[in-house]
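Counting convention: from 1, in listed order, for ligands and their atoms alike. Just so you know, these numbers come straight off a predicted model, no measurement behind them. We count residues from 1, following the sequence as given.
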Amino acid sequence: MTLGTVVVGAGQSGLNVAIRLRALGYDKPITLIGEEAHLPYQRPPLSKKFLAGELDAKSLLLRPADFYQDQRIDLKIGMRGTAIDTRERRIDLSDGSALAYEDLVLATGTRARELPLALTAGLRGVHVLRGADHALALQRALAAGRNLVVVGGGFVGLEVAATVRQAGMNVTVLEQAPRILQRVAGAEVSQRLRALHQAHGVRILEQHQLASLRGQGGQVHEVVLADGQVLPADVVLVGIGALPNVELAQAGGLAVQDGIVVDQHGQTTVPGVYACGDCARFPWGEASIRLESVHNAMAQGDCVAQAIVGRAVPYAPVPWFWSDQYDCKLQMVGLSTGHDAVVVRDAGPRPTQGASVWYFKASHLLAVEALHDAAAFAHGRRWLEQKKSPRPEDLASPTLPLKDLSLH
Ligand SMILES: Cc1cc2nc3c(=O)[nH]c(=O)nc-3n(C[C@H](O)[C@H](O)[C@H](O)COP(=O)(O)OP(=O)(O)OC[C@H]3O[C@@H](n4cnc5c(N)ncnc54)[C@H](O)[C@@H]3O)c2cc1C
């Protein structure tokens, strides 16, 4: 029997490994194992158009059902990888069977971080949002005039706040840090998005700590803050980040450090075992990083497929990410860590025309955050990919069009 590749995790990254393997001419068996009982689907609409009821479940699918047979991808959904024996090159599955592999890919993603049980006390009406089933449960709880408290001012929480507010619910966002999006974006973006939410009637409480949840008949009813304030809450969404699914890797003896540790080719510390997407920590300059974005899931999946077919190319992405809130699109490219200068540039004279925030280190461009400013994102992305940089002082001059800036 010819051994092939087994991919654990049938999400954005795992599916892309399978797609790219076939596109690269890989002819051996490919098995894709996914614990969710759904065909592989995309997550970004879960907090946006799917939650709003503007997209149905079918339009979430990354590929139609017949694609898998056509591409000879043996898709096993509703099935979990439960243990790996890296010496025997074998993976055990939740139905009691086992699969032998030549190459194994772990694309197990992340799961939503939850509040401690002592806080939620098993109350109904407390939600997280990671998968389609979560989105459906949250959708069922929403109704105009009800009160939603979002715990955590990150991307998922703010996107849900925007969607739900537009559906007529009363929304409060609770953030314990000094500002929303503190972990993932600069202060300018936080400030502008805060103003946008407030203009839509969302209450944003920064530097406020959750103390407890109170229920009535087993259903959440109120959120109590550390300073004693009490917020009415028919629904609570906990959006306090995600944890990488590393347990399978860890039990199999792979190195794990807030993510499955991989090298530039997506290979883990065990030959023949790769990891990619949200669950993988990879080298980035002097450091190592783990990213949670569609672009990374796809691009790192591609990198792993290349390594498996023997055409390894080092993974050195220019990361990018987007978020939609109301009619505003935030697009971010690069990583601003270590910046020593920031330039804010308005896209036009009116605030509704958008703005971009440019991060530099020693006059070299590191990252761009563009709010409602697709041109700034496109220029920034191209320059970062070409390793070129405009001068901060030129960029600061609003009369100089981006296309005319000289680069170094
Ligand atoms: C609500 C929401 C909105 C988002 N919006 C955006 C956005 O606007 N822009 C953006 O760039 N990114 C966004 N993201 C992030 C993006 O969806 C993820 O970065 C991307 O899905 C990561 O792909 P992945 O394949 O690594 O992981 P996942 O898509 O999480 O797939 C991993 C899969 O592996 C399965 N699995 C785990 N363990 C096992 C096991 N042992 N056996 C079998 N299966 C297993 C999981 O159930 C899951 O189905 C959003 C995420 C969420 C949740």
Nearest-neighbour protein heavy atom for atom 36 (N) of ligand 1, which is reported as residue plus atom name and distance: E35 OE2, 3.3 Å
Carboxylate-amine/guanidinium contact E175 R179, below 4.0 Å: no
Proximity winner for atom 3 (C) of ligand 1, if only heavy atoms of A83, G81, S47 are counted: S47
Plane angle bin for H197 and Y326 - parallel if under 30°, tilted between 30 and 60°, otherwise perpendicular: perpendicular
Atoms in ligand 1 flagged as close to A297, the criterion being non-hydrogen separation under 4.0 Å: 22 (C), 23 (O)
Ligand 1 to L46 polar contact by distance, N or O atoms, under 3.5 Å: no
Those atoms of ligand 1 less than 4.0 Å from some heavy atom in M79: 43 (C)
Cationic N near anionic O, under 4.0 Å, R281 to D258: yes
Enumerated ligand 1 atoms positioned under 4.0 Å from heavy atoms of R130: 27 (O), 28 (P), 30 (O), 53 (C)
Interfacing atoms of ligand 1 (cut-off 4.0 Å, heavy-atom, S293): 11 (O), 12 (N), 19 (O)
Nitrogen or oxygen of Q12 less than 3.5 angstrom from that of ligand 1: yes
D324/K329 salt bridge by N-O under 4.0 Å criterion: yes
Ligand 1 versus F155: contacting region, heavy-atom distance under 4.0 Å: neither
Check: H265 ring centroid to Y274 ring centroid under 6.0 Å: no
N/O separation below 3.5 Å, N245 to ligand 1: no
Backbone N/O of A100 and side chain of R90: donor-acceptor pair under 3.5 Å: no
Backbone N/O of P44 and side chain of K48: donor-acceptor pair under 3.5 Å: yes
Numbered atoms of ligand 1 (with element) below 4.0 Å of I33, judged on heavy atoms: 43 (C), 44 (N)
Contact atoms of ligand 1, heavy-atom distance to A107 under 4.0 Å: 32 (C), 33 (C), 34 (O)
Best match, Q300, H134, K48, E292: closest heavy atom to atom 5 (N) of ligand 1: K48
Under-4.0 Å salt bridge between K361 and D340: no
Numbered atoms and elements of ligand 1 in range of G277, under 4.0 angstrom, heavy atoms: 26 (O)
S94 side chain vs R80 backbone, donor-acceptor pair below 3.5 Å: yes
Nearest-contact summary for atom 19 (O) of ligand 1 - protein heavy atom, Å: D278 OD1, 2.7 Å
Residue, atom name and distance, where the atom is the protein heavy atom closest to atom 10 (C) of ligand 1: F321 CE1, 3.3 Å
Protein heavy atom at shortest distance from atom 49 (O) of ligand 1: E36 OE2, 2.5 Å
Protein heavy atom at shortest distance from atom 31 (O) of ligand 1: G11 CA, 3.4 Å
Atom 27 (O) of ligand 1: the protein heavy-atom neighbour that sits closest, reported with distance to 0.1 Å: G109 CA, 3.4 Å
Ligand-residue contact atoms, ligand 1 with S13, heavy atoms, under 4.0 Å: 24 (P), 25 (O), 26 (O)
Main-chain N/O of G9 paired with T108 side-chain donor or acceptor, under 3.5 Å: no
Closest protein heavy atom to atom 9 (N) of ligand 1, given as residue, atom name and distance to 0.1 Å: W322 O, 3.2 Å
Part of V8 with heavy atoms under 4.0 Å of ligand 1, whether side chain, backbone, both or neither: side chain
Whether E369 side chain and G186 backbone form a donor-acceptor pair below 3.5 Å: yes
Salt bridge present between E35 and R111 (N-O < 4.0 angstrom): no
Candidate with minimal heavy-atom separation from atom 28 (P) of ligand 1, of H38, Q325, R43: R43
Within residues 52-63 or reaching into it, pairs that qualify as side-chain hydrogen bond (donor to acceptor under 3.5 Å, both in side chains) - sequence neighbours excluded: D56-S59
Ion pair check, R130 and D278, cut-off under 4.0 Å: yes
Nearest non-hydrogen protein atom, atom 11 (O) of ligand 1: V294 N, 3.0 Å
Options P44, A37, A10, ranked by nearest heavy atom to atom 13 (C) of ligand 1, top entry: P44
Pairwise salt bridge (Lys or Arg N to Asp or Glu O under 4.0 Å) hits with a residue in residues 263-274, at least two apart: none
